[in-house]
There are 2 protein chains.
Amino acid sequence: MPRTSNAMDRRLKKIIQFLIEYQEKNGYPPTIREIGREINVNSTSQVTYYLNKLEEDSLIDRSGHLSRSIRVNPAGYELIGFNPDEDIVVEKHENLLDRVASAVENLWKIPVYGVIVASEPLPMPDDPTFAPDTTIDVARSLFGINEKPGNLFALEVSGDSMIDAMINDGDTVIFKRQETVNNGEMAAIWIDDDNTTTLKYFYREDDYYRLKPANPTMQDIIIPKRKNVRIMGKVVAVVRQVQSAA
Amino acid sequence: MPRTSNAMDRRLKKIIQFLIEYQEKNGYPPTIREIGREINVNSTSQVTYYLNKLEEDSLIDRSGHLSRSIRVNPAGYELIGFNPDEDIVVEKHENLLDRVASAVENLWKIPVYGVIVASEPLPMPDDPTFAPDTTIDVARSLFGINEKPGNLFALEVSGDSMIDAMINDGDTVIFKRQETVNNGEMAAIWIDDDNTTTLKYFYREDDYYRLKPANPTMQDIIIPKRKNVRIMGKVVAVVRQVQSAA
DNA sequence: TTTGACATCGAACATTTGTTCGTGTACAAT
DNA sequence: ATTGTACACGAACAAATGTTCGATGTCAAA
């Protein structure tokens, strides 16, 4: 089942989690075969493949390339979070402080700047120190490994106007503050002429912009380049608390 | 120069010291050859001999008998003596412990039982001790105050078949395990006749069940009561990590 | 449809690492 | 001095662990 980049991502996280737990429990790191057994992969090369990915992202370190010598970097601990019911008393390394500190960073409080409505620009404060009245707690593990909390903000969707983006009334959308996106990334886009904000996958083609709704049954929207569009942020996650009724 | 039991004693201590330092420095234990190099003994069997002595005295543990799997027992640490700054570390650690604990209480690990596909029943294990492949971290604040983590489980959506429920390919849906829902709550519903799983707002009317898609532009589905429908769980939240493209 | 990048697998292979064994040396007790 | 035990050495061996390689399947772009 390849290309399930989501599944792989989870497996990568699971590996880190296992590395931490195993080390906690046994006092030494596991072998790649033990890792494979844990994540239900019995190809050692596949585990190596994962391990390389993790090392590329500096989540682990195995510069030694010896047996049982995989180390989890602080970034790795941060990604997963620290499991407190493990006995930490035995562990008394200098990196303990890092680990404990990062455990507190498991939960990111993301500022909710307001409500997003199709017919209005995003309510983004120019002042970066703007203190929002509400925040939303989000597990750090929901985000990519390179994400930083400072760049993120959230908006609550009001109305059904984002339905083509598969986003409901009441959903909370988490954005990353940026003014450009790569082709194929979902962005909040302000279209000057139409005076609307919309959430679409964004493609910059030769002569036009193409906005692709998340709902695959819907048509792409073509916008000539002379029209003014502005990218307000990249959509990184959507959180929906399902209520009763509707 | 044998029989210098004094010299041996010193070497044994040196081994323990080295074990501790090496572990501190590298994050994993050394090999017997590395130990030998450290104590100027290049006979692996001799190191083994020492190691056996240390294990007899319960100063170290290598019950695993695997590579790089030597652990220093508390008695071993005691033998060498604690460095004073360790106590400071422990102390600081205690200070942080509360924060860690509360941070983790606020983060629930929800088991991901598998993939939900329209044409198949939910992959819910009968065995409650079933160990899921993966878990997803979710901020506790996403749920109501009466929610308990034990009742919750998650599934990853595969395919576009849940689009009418405003749920995308790749989304993670969090359910509460229950076999009935109140009118107007969204549930995972297995329809026997059609052999499908669907996510809809559920209404039990006088003569029929009414299934209302989350997408308000879509029609309700009416199912006569004679048909067999089974509620697999209540949808409490949807989490979407927005990927590139689509 | 073809192509290429990515994800996956398992087996063969190479290296590291631990264990065993035969031998040697010193020294205290006989 | 002889002998037994504790200490010591290094080579050969066995087990573990990591790496490489060819093959396959999938998906998206060309």
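Note: hydrogens, waters and symmetry copies are ignored here, and every other heavy atom, side chains too, is used. Just so we're clear, the structure is a prediction, and the values are computed from it rather than from any experiment. Every chain is numbered from 1, with letters handed out A, B, ... down the list of sequences.
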Trainee: For B:Gln46, what residues pass the side-chain contact (heavy atoms from CB on, under 4.5 Å) criterion, not counting sequence neighbours?
Mentor: B:Val41, B:Ser43, B:Tyr49, B:Tyr50

Trainee: Holding to side-chain contact (heavy atoms from CB on, under 4.5 Å), I want the full list of residues that pass it with A:Asn228, two or more places apart in sequence or in another chain.
Mentor: A:Asp192

Trainee: I'd like to check the side chain to side chain donor-acceptor pair (under 3.5 Å) partners of A:Arg62; sequence neighbours left out, ordered by chain and number.
Mentor: none

Trainee: Could you pull out all residues at least two apart from B:Asp57 that satisfy side-chain contact (heavy atoms from CB on, under 4.5 Å)?
Mentor: B:Leu59

Trainee: Using atom OH of A:Tyr50 as one end and atom C1' of C:dC6 as the other, report the distance to the nearest whole Å.
Mentor: 11 Å

Trainee: Just the rounded figure in Å: distance from P of D:dC13 to CD1 of B:Ile32.
Mentor: 17 Å

Trainee: If you compare every side-chain N and O of B:Arg11 against the phosphate oxygens of D:dA8 (OP1, OP2), does one of them come in below 4.0 Å?
Mentor: yes

Trainee: Please list all pairs meeting salt bridge (charged side-chain N to carboxylate O under 4.0 Å, His left out) that have one or both residues in residues 29-48 of chain B, counting only residues at least two apart or in different chains.
Mentor: B:Glu34-B:Arg68

Trainee: Starting at atom CG of A:Leu12, determine the distance to atom P of C:dC6, rounded to an integer number of angstrom.
Mentor: 15 Å

Trainee: Kindly give the atom pairs (protein nitrogen or oxygen, nucleotide nitrogen or oxygen) under 3.5 Å for nucleotides 14-16 of chain D.
Mentor:
none

Trainee: Could you state the atom-to-atom distance from CG of B:Asn52 to C1' of D:dA8 in whole Å?
Mentor: 14 Å

Trainee: Output the rounded distance in Å from NZ (A:Lys53) to P (C:dT8).
Mentor: 10 Å

Trainee: Measure CD1/B:Ile70 against P/C:dT17 and give the value in whole Å, please.
Mentor: 12 Å

Trainee: Not counting sequence neighbours, which residues clear side chain to side chain donor-acceptor pair (under 3.5 Å) with A:Thr180? List them please.
Mentor: none

Trainee: In chain order, what residues pass the side chain to side chain donor-acceptor pair (under 3.5 Å) check against B:Ser67, with sequence neighbours excluded?
Mentor: A:Ser67

Trainee: By nearest nucleotide on DNA chain C, pick out whichever of A:Ser45 and A:Tyr49 is the more 5' one.
Mentor: A:Tyr49

Trainee: Is there a donor-acceptor pair closer than 3.5 Å between any side-chain N or O of A:Asn151 and the backbone N or O of A:Arg177?
Mentor: no

Trainee: Does anything in residues 33-44 of chain B come within less than 4.0 Å of DNA chain D? Heavy atoms only, and list the residues if so.
Mentor: B:Val41, B:Asn42, B:Ser43, B:Thr44

Trainee: How would you list, by chain and number, every residue that makes a side chain to side chain donor-acceptor pair (under 3.5 Å) with A:Arg240, sequence neighbours excluded?
Mentor: A:Asp171

Trainee: Separation of B:Leu51 atom CG from C:dG18 atom P, in whole Å?
Mentor: 9 Å

Trainee: I want to check a possible cation-pi pair here: B:Arg71 against A:Tyr28, using under 6.0 Å from ring centre and within 45° of the ring axis as the test.
Mentor: no

Trainee: Is there a residue in residues 54-61 of chain B whose heavy atoms reach under 4.0 Å of DNA chain D, and which residues are they?
Mentor: none

Trainee: Separation of B:Arg62 atom CZ from C:dT17 atom P, in whole Å?
Mentor: 14 Å

Trainee: State which residues pass side-chain contact (heavy atoms from CB on, under 4.5 Å) with A:Ala187; sequence neighbours excluded, sorted by chain then number.
Mentor: A:Val181, A:Ile189, A:Ile231

